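Throughout, protein chains are lettered first and strands after them, A, B, ... in sequence-line order, and every chain is numbered starting at 1. These numbers were taken from a predicted model, which means no experiment stands behind them.
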There are 2 protein chains.
Amino acid sequence: MNQRSKHAVTVLRSILRVTASYDRLVTRDTGLTVSQLLLLRILEEEGECPAGTIASRMGISQATTTSLLHKLDQKGLVQRRRGDIDKRQVWLSLTNDGVDKLANAPEGLQTKFGERFEALADWEQSMLVAGLERVASLLDAEKLDASAVLTAEEMLRVQTESEAS
Amino acid sequence: MNQRSKHAVTVLRSILRVTASYDRLVTRDTGLTVSQLLLLRILEEEGECPAGTIASRMGISQATTTSLLHKLDQKGLVQRRRGDIDKRQVWLSLTNDGVDKLANAPEGLQTKFGERFEALADWEQSMLVAGLERVASLLDAEKLDASAVLTAEEMLRVQTESEAS
DNA sequence: ATAGATTTGTTTGGTCATCAAAGTTTATTG
DNA sequence: CAATAAACTTTGATGACCAAACAAATCTAT
């Protein structure tokens, strides 16, 4: 691998590290982990839906989903309801508290990054987004056939809508 | 926050997710987690050094470092030695097995991403790297005063050198 | 219908990363 | 020398995550 692609990977890693620290801050501020928040956001956008939908949207196993739900349930942020037609399913929805919590959750990464991003010139914003998308596609192409992860597009849909405040 | 910056965050997140899955693959292939590999790489580059150096280079606590070291020690990949001048210090170094393991470790993210990246036109490579660096700086600026994390530059040094095979 | 396969979700039992706080040993400094 | 600081370890948590075993419900092909 040439020097430049190594460098690209390096920078990518540094991005990962910084975002991870943001996540820690958000967790401290909200009392909700990033995974938990993501689950709530998906639920907000999706409306009532079965647990499996959450799992595939988040790209995690059913087992992990169950445990996340357990915690959110304890906190009183989500509700579970047995399916009518298919009784194996568990339909999920936000409680009022869940909705509130989401509404008040700081957006962490978003807020800080967003400010700076918006301070950039228009052309630069476009360029950066295009670049990120390109990188995502380079990574993703390899990934897609290897496991059940959302496509970039699906993720885009999930988060663009749910994060629109 | 405007639509475009939301979108930028979304794409960033999708990148995070994909890289996380890569990490899982690497772990399965090597029997070493990404943290463990990173520790080894730093040790390779740094040469024998005290535990604290590892902690600050990795941006993790001493406690975490100790536990990582414990595992690598058990696997026989690192050696610990009490400092001569300062006996509080624990000097670390790779064992022969550690060196071998590192040499044979697949680079995961690197390899796959690298191939695709190198297939791009030269100008596009430059553009992407520049974009990533810009994004890192947007994120990092906010971050630096909030906790003890490596600066982009430090990380760059660490990984550029250690990953040069 | 009905036995067998599949799907949905839960449980159980692990691994790993990570931290804070308390503890130990060894410097350092007033 | 006594107090303080530094370098590491231990202890005790939390959280994410998964695989495998399980239960319940549904589907399917005979």
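Taking side-chain N and O atoms only, A/Lys71 has a distance below 4.0 Å to OP1 or OP2 of D/dA16. Dashed line: the shortest gap from a side-chain N or O of B/Lys87 to OP1 or OP2 of D/dC8 is not under 4.0 Å. Side-chain nitrogen and oxygen atoms of A/Thr65 include none within less than 4.0 Å of the OP1 or OP2 phosphate oxygen of C/dG9. Between D/dC18 and A/Thr64, a contact under 4.0 Å exists linking OP1 or OP2 to a side-chain N or O.
For the pair B/Thr53 (side chain) and B/Cys49 (backbone), a donor-acceptor distance under 3.5 Å is absent. Checking side-chain atoms of B/Arg80 against main-chain N and O of B/Val90 turns up no donor-acceptor pair under 3.5 Å.
With hydrogens and angles ignored, a donor-acceptor pair under 3.5 angstrom links the side chain of B/Arg88 to the base of D/dA6.
One interatomic measurement links the two molecules: NE2 of B/His70 to P of D/dT11, which rounds to 11 Å at whole-angstrom precision. Between B/Ile54 atom CD1 and D/dT9 atom C1' there is a gap of 16 Å when expressed in whole angstrom units. The separation between B/Ile60 atom CD1 and C/dC16 atom C1' is 12 Å, rounded to whole Å. Atom CZ of B/Arg81 is separated from atom C1' of D/dC8 by 15 Å (rounded to the nearest Å). For the pair B/Gln74 CD and D/dT9 P, the interatomic distance rounds to 14 Å; values are reported in whole Å. Atom CG in A/Leu68 sits roughly 16 Å away from atom P in D/dT14 (whole-Å rounding). Taking atom CG on A/Leu39 and atom C1' on D/dA16, their separation rounds to 13 Å, with Å as the unit. Spacing between atom CG of A/Leu72 and atom P of C/dG9 amounts to 16 Å, rounded to whole angstrom units.
The pair A/Asp97-A/Lys75 fails the salt-bridge criterion, with no side-chain N (NZ, NE, NH1 or NH2) lying under 4.0 Å from an Asp/Glu carboxylate O. With salt bridges taken as basic N to acidic carboxylate O contacts below 4.0 Å, none links A/Lys101 and A/Glu44. Ion pairing of B/Glu118 with A/Arg4 is absent here, as no side-chain N (NZ or NE/NH1/NH2) approaches a carboxylate O to less than 4.0 Å. With respect to B/Arg81 and B/Asp84, a salt bridge is recorded, a charged nitrogen being found less than 4.0 Å from a carboxylate O.
Among the heavy atoms of the strands lying under 4.0 Å from A/Gln62 is at least one base atom, whether or not backbone atoms are also near. Using a 4.0 Å heavy-atom distance criterion, B/Arg80 is classed as a sugar-phosphate-only contact. Residue-level contact check: A/Ile85 touches the backbone only, with heavy atoms under 4.0 Å from sugar-phosphate atoms and none from bases. Nucleic acid contact class of B/Ala63 (heavy atoms, under 4.0 Å, all strands): base. Looking at heavy-atom distances under 4.0 Å, B/Ser67 makes contact with a base. Base contact: B/Thr66 has a heavy atom under 4.0 Å from a base atom.
Nearest-nucleotide positions on DNA chain D place B/Trp91 closer to the 5' end than the other of B/Trp91 and A/Ser61. Position along DNA chain C of the nearest nucleotide to B/Thr27 versus A/Val90 favours A/Val90 as the more 5'-ward residue.
Counting only heavy atoms from C-beta on, A/Asp86 has its side chain closest to D/dA25 among C/dG9, D/dA25, D/dA16.
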